[in-house]
Amino acid sequence: MIDLWIHPGFLFFIAAAALPFVKEKWKSIYKMATPVIGFLALLIVSHGNHGVLPLLGQKEMIFGRVDKLSLVFGYVITIATFIGMVFSLHVKNDKEHMAGLIYAGSALGTVFSGDLLTLFLFWEIMAFSSAMLIFYAPWKNAEVIGMRYLYVHIFGGLILLAGIFLYVGTTGEIAFNELPKEGIASMLILAGFLLNAAVPPLSAWLPDAYPEATITGVVFMSAFTTKTAVYVLIRGFSGLELLVPLGVFMALYGVVYAVIENDIRRLLAYHIISQVGYMVAGAGMGSEMAVNGATSHAFAHILYKGLLMMGMSSVMLMTGLRKLTDLGGLYKYMPWTFMFYMVGGFAISGFPFFSGFVSKSMVISAASELHRPWVAMLLTLASAGTFLHTGLKLPYYVFFWKDWDQSKLKAVDPPKNMLWGMGLAAFACTFIGIFPGALYQALPHHSEYHPYTWGHVIGAYQILLLTAVGFFMLLKKLDPEVTISVDTDWTYRKAIKGFTWFINKPIVIYETYIVEAYKKILIEPVKKWSKIGWTIDTWVFDGLVNASGWATLLESKISEMFDMHIIDKSLNKVPVIIGGSAKRLRKIQTGAIQNYIMAMVTGVVVIAIISFIFY
């Protein structure tokens, strides 16, 4: 470890922004290299706080709180991003890849946030970027569903923000560590976390939205939002008793809804809820083994759920179909897809030597160790239900059941990059199952748990075998039907529909009346008086101003003429008169004094005569 911090989230943001400017021939390498560099950056970083920015007073925004808990989530996010990028290399829409990179980057930003404000910032970026993976889907209802998804997460974000403001206001702290287990602020923050974790009844957004994402975008969506929620629950509310029954209920709730589901990706979406239930219960139990179990199961789930989604997305891409009632017999024509899917099916079902076994069993063992037999029993029951529907029912009705009519619709395995993506995920699921120590040593607490005891292995096989026998015995009862499952999303669908009606009808009508009244009472009188004012201004004030201007112009013309013809001519004659007078005076100037005396006498006589006449 070295003291060097390269935030992988910001690395992903930069890569997303630069992607449109990369030459086409280099884009594949560029998209795969980004998560690889992010993973390597995590391998060399030292524990502690990095990227610290001072805030008001003594508070700090911490963009890089690095410890074992944040690192293990960072590792799996970068790994899942690499697999997702390989799976989506054939996609030519740069915007979809950019949304995936920003989504992954914001998930990394969330798990490395050391304070609540930084957490909220990345939390909201994650919501908006993930919604784009729905908006870019070609389905006709993608925009509507994407908006529903966005509304739900904006609502959850507002709840979270309200809790953060109250918490900071009452405690003066913004650091994100273990939060109080009581108080309105903590409960609001918890509610925001639980919504993203898809805890019922706040879970319907997940099976509503995830199946409608793009073919490749669903791989990212199945990995990040719920697992970052698990991370913040472990970080902030580990040991909260409320999480235990909620988690157990989740595990059973998802399985029950999967029983009646006909849509292949929606069925898998319900199993996301079920599997996250194990993690929530582990966080609630709070012991070191339980927290390790929740963390390891989040790691394993990101990989095997991504693999399962890749398998069913491949079926959708190559057949154009998504209902169990329309599928069957594809194992002959999509053999690689079938084999890779089954690896994910074995992993999620908890088969020994696959990743789900070494993580799920740790949560169940933690419940037994804490003397919670009802938790262990119900989680084991949920595991059997998972195998029944994800490991048996789904592959049976998609790949077997009835013959596929290849003459009507030719089905083949998807493009090679999609097979490579599935192959990488399948390898990871198998590697972790065979070598669990590689995962256990990265967990937040030291682990001495050994999954491969005779009791664990034999018990797992017994449950799986009984489940398989029950499935084939009740096979006819499990045939898929064309159904619509009503979930709690019915409430907010109706609420949104009602809100839309309220906006389009009463509000619009009210606005129409207000606008008309505004026009009649205010606008039209103002326009009328404005017209009168304009008339007065035009004919009176403008007339006076214009008359004044004309008078001034006339006066200037007269002055100019007077100056030119009177003053200038008069002034021009002065020198002539003076000159003439001078000539005459020169004649008078004879030099004889008697002439001067005569002139003076004559002048005096003239003055006397004039005075006598006028005075």
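Residues passing the side chain to side chain donor-acceptor pair (under 3.5 Å) test with Arg265 are Ser313, sequence neighbours excluded. When the salt bridge (Lys or Arg N to Asp or Glu O under 4.0 Å) test is applied to Arg235, the partners found at least two apart in sequence or on another chain are Asp67. Partners of Asp263 according to the side chain to side chain donor-acceptor pair (under 3.5 Å) rule, which considers only residues two or more places apart in sequence or in another chain, are Arg322. Listed by chain and number, the residues in a salt bridge (Lys or Arg N to Asp or Glu O under 4.0 Å) with Lys332 amount to none (sequence neighbours excluded). Take Asp413 and apply the salt bridge (Lys or Arg N to Asp or Glu O under 4.0 Å) test, not counting sequence neighbours, and it matches no residue.
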Give the intermediate values and the outcome of ring-ring contact (aromatic ring centres under 6.0 Å, His included) for residues Tyr452 and Phe353. CA-CA 9 Å; Tyr452 289 109; Phe353 307 109; 5.0 Å; yes

Could you walk me through whether Met279 and Lys227 pass the side chain to side chain contact (heavy atoms under 4.5 Å, CB included) check? CA-CA 9 Å; Met279 307 167 209; Lys227 262 47 104 241; 4.1 Å; yes

In sequence, state the C-alpha distance, the side-chain angles, and the governing distance for His97 and Ser88, and then conclude on side chain to side chain contact (heavy atoms under 4.5 Å, CB included). CA-CA 8 Å; His97 294 294; Ser88 61; 3.4 Å; yes

Working note: Arg372 + Glu369, criterion salt bridge (Lys or Arg N to Asp or Glu O under 4.0 Å); need CA distance, chi angles, decisive distance, verdict. CA-CA 8 Å; Arg372 296 172 180 256; Glu369 187 180 75; over 6 Å; no

Applying side chain to side chain contact (heavy atoms under 4.5 Å, CB included), run through Glu182 and Leu240 and close with a yes or a no. CA-CA 10 Å; Glu182 56 186 18; Leu240 179 63; over 6 Å; no

ring-ring contact (aromatic ring centres under 6.0 Å, His included) for Trp123 and Phe193? Distances and angles first, verdict last. CA-CA 10 Å; Trp123 195 264; Phe193 291 169; 5.5 Å; yes

List the steps and the verdict of side-chain hydrogen bond (donor to acceptor under 3.5 Å, both in side chains) for Gln275 and Tyr304. CA-CA 11 Å; Gln275 294 301 297; Tyr304 65 62; 2.8 Å; yes

Between Ile264 and Leu327, is the side chain to side chain contact (heavy atoms under 4.5 Å, CB included) condition met? List the steps. CA-CA 10 Å; Ile264 55 177; Leu327 294 165; 4.1 Å; yes

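Asn49 contributes atom CG, which lies 8.0 Å from atom CD of Glu60 (distance to the nearest 0.5 angstrom). Interatomic distance, NE2 of His450 versus OG of Ser361, reported as 12.5 Å (0.5 Å rounding). A distance of 4.5 Å separates CG in Asp115 from CD1 in Ile174, rounded to the nearest 0.5 Å.
The backbone N or O of Ala367 lies less than 3.5 Å from no partner atom in the side chain of His371, so there is not a single donor-acceptor pair. Side chain of Asn417 to main chain of Val86: a donor-acceptor pair is present (N/O by atom type, distance under 3.5 Å, no hydrogens or angles). In this structure, Arg65 contributes its side chain and Phe176 its backbone to a donor-acceptor pair below 3.5 Å. Side chain of Tyr278 to backbone of Ser383: a donor-acceptor contact under 3.5 angstrom is found. A distance-only check finds no donor-acceptor pair linking the side chain of Lys68 to the backbone of His47 [under 3.5 Å]. In this structure, Lys305 contributes its side chain and Ser222 its backbone to no donor-acceptor pair below 3.5 Å. A donor-acceptor pair under 3.5 Å is absent between the side-chain atoms of Ser186 and the main chain of Gly183, judged by distance alone. At distances below 3.5 Å, at least one donor-acceptor pair connects side-chain atoms of Ser129 with backbone N or O atoms of Met126.
Ring geometry for Phe13 against Phe10 counts as perpendicular: the plane angle is over 60°, on a 0 to 90° scale with 30° as the lower cut. Aromatic ring pairs are classed by plane angle as parallel below 30°, tilted from 30° to 60° and perpendicular above 60°; the pair Tyr257 and Tyr270 is parallel. Aromatic ring pairs are classed by plane angle as parallel below 30°, tilted from 30° to 60° and perpendicular above 60°; the pair Phe122 and Phe63 is perpendicular. Relative orientation of the Phe224 and Phe220 rings is tilted, given thresholds of 30° and 60° on the angle between their planes.
With a 4.5 Å cut-off on side-chain heavy atoms, Ser368 and Pro373 do not count as touching. Within the 4.5 Å cutoff, side-chain heavy atoms of Leu233 are placed close to those of Leu194. Considering only heavy atoms from C-beta on, Leu190 stays 4.5 Å or farther from Leu179 through its side chain. Using a 4.5 Å heavy-atom threshold, the side chains of Phe399 and Leu394 count as separate. Contact of the Leu119 side chain with the Leu116 side chain is registered, since non-hydrogen atoms from C-beta on lie closer than 4.5 Å. Using a 4.5 Å heavy-atom cutoff, the side chains of Lys393 and Leu324 are in contact. Within the 4.5 Å cutoff, no side-chain heavy atoms of Met289 are placed close to those of Ser447. Taking 4.5 Å as the limit, every side-chain heavy atom of Val76 sits out of range of all side-chain heavy atoms of Val72.
Residue pairs satisfying the side chain to side chain donor-acceptor pair (under 3.5 Å) criterion with at least one member in residues 188-197, sequence neighbours excluded, are listed as follows: His153-Asn196.
Between Phe338 and Phe400, a ring centre-to-centre spacing shorter than 6.0 Å is recorded. Taking the six-membered ring wherever Trp is involved, the centroid distance between the rings of Trp401 and Tyr331 does not fall below 6.0 Å. For Phe351 and Phe357, the gap between ring centers reaches or exceeds 6.0 Å. Residues Phe39 and Phe82 keep their aromatic ring centres 6.0 Å or farther apart. When ring centroids are compared, Tyr210 and Trp205 come within the 6.0 Å threshold. Taking the six-membered ring for Trp and the full ring otherwise, His456 and Tyr449 have centroids separated by under 6.0 Å. The aromatic ring centres of Phe73 and Phe299 sit 6.0 Å or more apart. Between Phe346 and Phe354, the distance separating the two ring centers is shorter than 6.0 angstrom.
Side-chain contact, Thr295 with Tyr231: no donor N or O sits under 3.5 Å from an acceptor N or O.
Atom CH2 of Trp420 has 12 or fewer neighbouring heavy atoms from other residues, nucleotides or ligands inside a 6.0 Å radius.
Residue Val111 comes nearest to Gly74 through the heavy atom pair CG2-N, 4.4 Å, listed as atom of the first residue, atom of the second, then distance. Here the closest heavy-atom approach between residue Gly38 and residue Leu11 is recorded as N-CD2, 3.6 Å. Nearest heavy atom pair, residue Leu252 against residue Leu378, reads CD2-O, 3.8 Å. Between Ser106 and Ile125, the shortest heavy-atom contact is CB-CG2, 3.7 Å. Gly421 approaches Met310 most closely through the heavy-atom pair O-CE, 3.7 Å. The two residues Ile77 and Ala104 have their closest heavy-atom pair at CG2-O, 3.9 Å.
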